[in-house]
Amino acid sequence: MAYLGVKVNVRAAHGLTSPGGLAGAEFVVEREKLLALWEILLDASRKHGGGPVGYAALSGLRLAQGVPWFGYDFGEKQIPHEAGLQDSHINYTKGCYTGQEIVERVRSRGQVNRHRVGLVFSGDAVPEAGTPLMMEGKEIGFVTRAAKAWDSAPPRILGMGYVRKEGGAAGTMLQWANGTATVTQLPIQST
């Protein structure tokens with residue numbers, strides 16, 4: 001790649017798609033060449049009517065697409081089946097591995113007590129990670145992350161969280177400190 005006479009050697013993985021089905025690429029570049037790469041990508045995106053996206057907008061987009069981030073929406077405290085990752089993150093034919101017994105037990109019995117769901121919040125407030133979700137006065141789950149998403153007009157507040165199975169059906173209305181949250185399937189459909 002070259003930009004204003006600056007040559008940048010970049011390894012790019014071509015043909016990648018994001019979990020939302022959009023075209024994507026991954027770049028590996030030395031730290032001292034990051035600014036040059038940024039300028040190249042910024043120039044190319046602006047030629048097509050695009051531009052930079054900040055963290056909040058990126059988080060809103062990935063929440064709408066139902067893309068969980070490790071450390072935010074799942075981690076060491078969740079088993080893959082709770083996080084909805086059993087079809088994409090587990091190889092059932094692989095040999096022994098840590099956690100294999102619980103994974104196989106859940107697969108054979110077919111149930112977990114809670115699972116990751118999409119959430120559409122009422123109002124303009126964005127709940128913090130860990131915000132309790134209530135149903136009929138009892139805590140039934142918690143928010144992992146939420147953000148404003150600009151995928152519809154007006155923008156909406158989307159999130160993910162873990163909810164016990166009795167409150168996890170699409171359309172279930174839950175309460176949180178500043179309003180309601182409606183459970184929805186992932187990816188979250190635009191309105």
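The chain is numbered in sequence order, starting from 1.
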Among pairs that include at least one residue of [range], which meet salt bridge (Lys or Arg N to Asp or Glu O under 4.0 Å), considering only residues two or more places apart or in two chains?
range	answer
residues 120-146	none
residues 169-189	none
residues 167-188	none

Heavy-atom closest pair, residues [X] and [Y]:
X	Y	answer
Leu42	Ser45	O-OG, 3.0 Å
Arg46	Pro52	NH2-CD, 4.0 Å
Leu133	Ala181	CD2-CB, 4.3 Å
Val163	Gly168	CG1-N, 3.8 Å
Ala64	Asp151	CB-OD2, 3.7 Å

- Message: Could you work out, with salt bridge (Lys or Arg N to Asp or Glu O under 4.0 Å) as the rule, every residue matching Lys47, not counting sequence neighbours?
- Response: Asp43
- Check salt bridge (Lys or Arg N to Asp or Glu O under 4.0 Å) between Arg164 and all other residues, then give those that pass, not counting sequence neighbours. Glu166
- Message: So, using side chain to side chain donor-acceptor pair (under 3.5 Å) as the criterion, who are the partners of Arg107 when residues are at least two apart?
- Response: Glu104
- Task: Evaluate the criterion side-chain contact (heavy atoms from CB on, under 4.5 Å) for residue pair Val183 and Met173; output intermediate values, then yes/no.
- Result: CA-CA 7 Å; Val183 175; Met173 185 80 65; over 6 Å; no
Could you check if a side-chain atom of [X] sits within less than 4.5 angstrom of a side-chain atom of [Y], using non-hydrogen atoms only?
X	Y	result
Leu186	Val117	no
Lys148	Pro154	no
Phe121	Thr131	no

- Task: Find out if a path of hydrophobic residues (ILVMFWY) with successive side-chain heavy-atom gaps under 4.5 Å connects Ile40 to Leu35.
- Result: no
- Task: May I ask whether Phe142 and Leu174 are part of the same hydrophobic cluster, defined by side-chain heavy atoms of I, L, V, M, F, W, Y residues being less than 4.5 angstrom apart, directly or through others?
- Result: no
- May I ask you to list the residues sharing a hydrophobic cluster with Trp150, side-chain cutoff 4.5 Å, ordered by chain and number? none
- Task: Hey, could you give me the CZ/CG distance between Phe70 and Leu85, rounded to the nearest 0.5 Å?
- Result: 10.5 Å
- Message: With rounding to the nearest 0.5 angstrom, report the CG to CE distance, Leu119 to Met160.
- Response: 9.5 Å
Would you list the atom pairs, donor with acceptor, under 3.5 Å between side chains in residues 73-84 and any protein atom, with sequence neighbours excluded?
{"from": "Asp73", "atom 1": "OD1", "to": "Thr144", "atom 2": "OG1", "distance (Å)": "2.6"}
{"from": "Asp73", "atom 1": "OD2", "to": "Arg62", "atom 2": "NH1", "distance (Å)": "2.2"}
{"from": "Asp73", "atom 1": "OD2", "to": "Arg62", "atom 2": "NH2", "distance (Å)": "3.2"}
{"from": "Asp73", "atom 1": "OD2", "to": "Trp69", "atom 2": "N", "distance (Å)": "3.0"}
{"from": "Gln78", "atom 1": "OE1", "to": "Gly75", "atom 2": "N", "distance (Å)": "2.8"}
{"from": "His81", "atom 1": "NE2", "to": "Tyr92", "atom 2": "OH", "distance (Å)": "3.2"}
{"from": "Glu82", "atom 1": "OE1", "to": "Ile79", "atom 2": "N", "distance (Å)": "3.2"}
{"from": "Glu82", "atom 1": "OE2", "to": "Arg114", "atom 2": "NE", "distance (Å)": "3.2"}

- Message: Among residues at least two apart in sequence or on other chains, which ones pass side-chain contact (heavy atoms from CB on, under 4.5 Å) with Val120?
- Response: Leu158, Thr184, Ile188
- Task: Could you tell me whether the side chain of Ser59 and the main chain of Tyr55 form a donor-acceptor pair under 3.5 Å?
- Result: no
- Task: Scan residues 168-182 for pairs that pass side-chain hydrogen bond (donor to acceptor under 3.5 Å, both in side chains), counting only residues two or more places apart or in two chains.
- Result: Ser122-Thr180
- Query: Going through the distances and angles, do Val143 and Tyr162 end up as a side-chain contact (heavy atoms from CB on, under 4.5 Å)?
  - Reply: CA-CA 7 Å; Val143 176; Tyr162 285 90; over 6 Å; no
